[in-house]
Amino acid sequence: MSDTAAPATLDCAETETFVAEQRKLIAEQSKLQAEALKIGRDRLLAPRSIGFAGMAAAAAFFGAGAAFVKLLGP
């Protein structure tokens, strides 16, 4: 037998402390999983948002060019 074996029974205070620590670890794990999901979602949506921003900028330049041509044109 090893000397580091856990005792068969724990007193009430040790059990409560152990349960509280486990709950903290579970809450932290849930937070990290939610953060990982958000990062994954952002990684998938970032190229699309850049594309939409580029299209909006191109539309603005096109509109400005059309207004400039109309202003100077016949």
Side-chain angles (χ1 to χ4, degrees):
M1 292 228 164
S2 67
D3 294 331
T4 60
T9 59
L10 297 173
D11 67 351
C12 188
E14 289 175 341
T15 303
E16 289 177 0
T17 304
F18 178 76
V19 170
E21 289 174 0
Q22 292 300 312
R23 287 184 179 160
K24 286 179 185 177
L25 291 174
I26 291 171
E28 183 179 354
Q29 182 181 13
S30 297
K31 188 187 339 178
L32 290 173
Q33 285 176 339
E35 185 178 346
L37 286 173
K38 182 184 179 296
I39 290 172
R41 190 172 45 241
D42 290 346
R43 182 178 54 85
L44 291 174
L45 293 176
R48 290 180 182 97
S49 65
I50 291 171
F52 288 133
M55 286 188 279
F61 283 129
F62 182 76
F68 187 71
V69 167
K70 186 174 181 178
L71 180 68
L72 295 180

Under the side chain to side chain contact (heavy atoms under 4.5 Å, CB included) test against R41, which residue among I39, L45, L44 passes? L45
Considering non-hydrogen atoms only, spot the tightest contact between A46 and S49 and give its length. O-OG, 2.8 Å
Given a cutoff of under 4.5 Å between side-chain heavy atoms of I, L, V, M, F, W and Y, with clusters grown through shared members, what are the other residues clustered with F52? M55
E28 atom CD, neighbour heavy-atom count above 12 within 6.0 Å: no
Under the side chain to side chain contact (heavy atoms under 4.5 Å, CB included) test against R23, which residue among L25, V19, I26 passes? V19
I'd like to know whether CD of Q33 has more than 12 heavy-atom contacts from other residues, nucleotides or ligands below 6.0 angstrom. yes
